[in-house]
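Right, one structure below, let's go through it.
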Amino acid sequence: MWSISMSELKLVYFAWVRERVGLSEERVSVPDSVLTVAELAGWLQTRGEEYAYAFENPAIVRAAINRKHVKPDASIAGASEIAFFPPMTGG
Amino acid sequence: MWSISMSELKLVYFAWVRERVGLSEERVSVPDSVLTVAELAGWLQTRGEEYAYAFENPAIVRAAINRKHVKPDASIAGASEIAFFPPMTGG
Amino acid sequence: MTPRLTIRIQSEPFDAAAEIEALSRLGEDVGAVTSFTGFCRSEGGRLAALELEHYPGMADDEIGSVVTEASTRWPLFGVTVIHRHGKMEPGDGIVLVVTASSHRTASFDAANFIMDYLKTRAPFWKKEYRADGTSGDWVDAKSVDDALAERWKV
Amino acid sequence: MTPRLTIRIQSEPFDAAAEIEALSRLGEDVGAVTSFTGFCRSEGGRLAALELEHYPGMADDEIGSVVTEASTRWPLFGVTVIHRHGKMEPGDGIVLVVTASSHRTASFDAANFIMDYLKTRAPFWKKEYRADGTSGDWVDAKSVDDALAERWKV
């Protein structure tokens with residue numbers, strides 16, 4: 001029996017977030033205590049130097065859940081794919 | 001000796017002003033008492049039915065002196081070419 | 001920079017693609033090219049043609065002034081304005097404005113400004129030829145065009 | 001009317017002239033076609049190239065949403081948006097927006113709106129490659145772009 005319940009998520013990273021993390025995507029098991037995008041970013045920061053660097057200024061990292069833009073306080077319940085990336089510079 | 005001093009002007013007309021007057025251009029001798037564009041339009045109205053028709057609503061006839069837009073109260077002193085036309089519909 | 005300003009008043013059709021391409025090639029710092037083409041419309045089949053009358057000389061001067069004003073207000077590499085006169089059928093291009101700049105907003109705003117001013121200041125008048133063969137009316141100026149031009153006043 | 005909406009995310013170059021021509025031919029009541037092309041710039045010789053990374057799937061969705069929103073706000077015959085990804089050199093087209101309408105302001109405003117929203121919502125990121133051969137930085141987002149997108153809020 002596990003004392004902490006976990007849910008599996010696909011995370012994808014773009015631009016300098018991808019470069020800093022060193023991965024373009026990964027599957028992670030996130031503790032059920034992590035409820036929002038901001039909490040997920042905070043939890044990722046604890047996973048190592050590369051994550052700490054990528055999320056050192058969480059205010060400028062943007063997120064999308066299932067390919068839709070979300071705010072930091074968005075719930076991650078039901079998410080299958082969560083993306084983190086810098087502000088967009090297309091066009 | 002002439003009792004009324006006159007100055008000669010080239011007048012040009014466009015669009016429905018041209019069609020109503022029945023001329024695209026003409027040279028006219030204007031009494032020196034005619035000082036402004038509005039007075040010139042008023043004087044033209046007295047020259048016959050076609051002019052009265054063209055200038056029946058002087059508020060919507062626009063004018064240019066020497067190919068520059070002018071207001072009705074603009075002085076015609078020094079003008080060599082005065083144009084009358086409806087509001088523009090180019091573009 | 002000294003922008004390349006091209007103004008043509010002509011009865012011949014214009015080649016929008018070639019004009020856009022020419023302004024796109026004004027150097028490696030052209031980052032934004034905006035084009036606007038105005039066409040003769042049938043208005044749901046009501047019209048067979050439009051005839052554009054213009055005031056030669058004054059048309060060039062007025063378009064020249066608005067293009068010069070635009071190149072003072074915004075940093076531009078080039079501006080091309082072509083305005084046709086004569087008879088045109090639905091689908092024919094009447095007017096073309098192309099602007100090239102380093103930046104998007106400069107090229108967009110300059111093209112928009114030029115069109116707004118052309119509408120209210122360039123001495124052109126449109127006469128309608130109806131599809132039923134009767135001769136048409138002169139197109140009425142729209143007060144909305146004056147309002148659009150007003151928005152650029154400082 | 002049901003507008004013709006075309007969205008393409010591709011690495012290949014696009015043919016702006018052909019896209020503009022296609023939207024210009026959507027019927028005899030197309031009176032106004034606006035196009036905007038954004039190009040890779042050298043920034044005074046500083047840059048050799050830009051590399052555009054994107055989020056596949058989400059890029060299509062976001063551009064689709066903004067194009068749909070534009071076609072709800074303005075009466076349009078057609079909209080074409082093409083956004084490239086991959087490596088581009090100065091002078092290469094990055095993005096193309098074309099709008100066709102009966103009326104000038106609808107086509108202008110729709111194109112401007114689409115570009116403003118693309119800048120702040122479409123998941124694309126630009127990396128610089130410097131002319132001196134060193135690898136460059138990621139281009140910073142401009143707060144002015146957020147302000148430009150804000151102006152369309154009702």
Side-chain angles (χ1 to χ4, degrees), chain C residues 15-21 23-48 50 77 89-105 107-109 111-116 118-119 131 142 144-145 147-148 151, chain D residues 15-21 23-48 50 77 89-105 107-109 111-116 118-119 131 142 144-145 147-148 151:
Chain C
D15 181 346
E19 304 297 339
I20 294 167
E21 175 72 13
L23 284 207
S24 302
R25 299 289 157 238
L26 289 180
E28 293 198 332
D29 278 320
V30 171
V33 172
T34 301
S35 80
F36 175 85
T37 312
F39 295 92
C40 178
R41 288 182 290 131
S42 79
E43 299 198 357
R46 193 174 66 81
L47 298 181
L50 284 177
F77 287 108
E89 292 178 3
D92 291 348
I94 297 174
V95 62
L96 173 71
V97 173
V98 191
T99 57
S101 176
S102 286
H103 298 291
R104 175 172 58 109
T105 49
S107 91
F108 247 116
D109 290 351
N112 212 348
F113 168 88
I114 289 169
M115 277 306 303
D116 281 347
L118 273 193
K119 282 269 175 190
K142 294 186 195 126
V144 66
D145 287 333
L148 288 168
R151 65 187 165 161
Chain D
D15 181 346
E19 304 298 339
I20 294 168
E21 176 72 13
L23 284 205
S24 302
R25 299 288 157 241
L26 288 180
E28 293 199 331
D29 278 320
V30 171
V33 172
T34 301
S35 80
F36 175 84
T37 312
F39 295 92
C40 178
R41 289 181 290 129
S42 80
E43 299 199 356
R46 191 173 66 82
L47 298 181
L50 284 177
F77 288 108
E89 293 179 1
D92 291 346
I94 297 173
V95 63
L96 174 70
V97 173
V98 191
T99 58
S101 176
S102 286
H103 298 290
R104 175 172 59 108
T105 49
S107 93
F108 247 116
D109 290 351
N112 213 348
F113 168 87
I114 289 168
M115 278 306 303
D116 281 347
L118 274 194
K119 282 269 173 190
K142 294 188 196 125
V144 68
D145 287 332
L148 288 167
R151 65 185 166 162

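Computed from a predicted structure; not experimentally measured. In what follows, every chain begins at residue 1, and chains take the letters A, B, ... in the order their sequences are listed.
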- Message: Need one label for D:S107: side chain, backbone, both or neither, based on atoms under 4.5 Å from any heavy atom in chain C.
- Response: side chain
[atom1] of [X] to [atom2] of [Y]: how many Å apart, nearest 0.5 Å?
X	Y	atom1	atom2	answer
C:F108	D:D116	CZ	CG	8.0 Å
C:T37	D:L23	OG1	CG	11.0 Å
C:H103	D:R41	NE2	CZ	4.5 Å

Can you see which heavy atom on [X] is nearest to which on [Y], and at what distance?
X	Y	result
C:A32	D:F39	N-CD1, 4.2 Å
C:S35	D:I20	OG-CD1, 4.4 Å
C:D145	D:R104	OD1-NH2, 3.0 Å

- Max heavy-atom pairs within cutoff under 4.5 Å with chain D, candidates C:V95, C:N112, C:T34, goes to C:N112
- Item | Most contacts with chain D, counted as non-hydrogen pairs under 4.5 angstrom, among C:A18, C:P90, C:A17, C:S42 | C:S42
- Would you mind checking which part of C:L148 comes under 4.5 Å of any heavy atom in chain D, side chain (CB onward), backbone (N, CA, C, O), both or neither? side chain
- Item | Under 4.5 Å from a heavy atom of chain D, the part of C:A111 involved | both
- Task: Could you have a look at D:A100, D:G93, D:S24, D:G27 and say which one has the most heavy-atom pairs with chain C under 4.5 angstrom?
- Result: D:S24
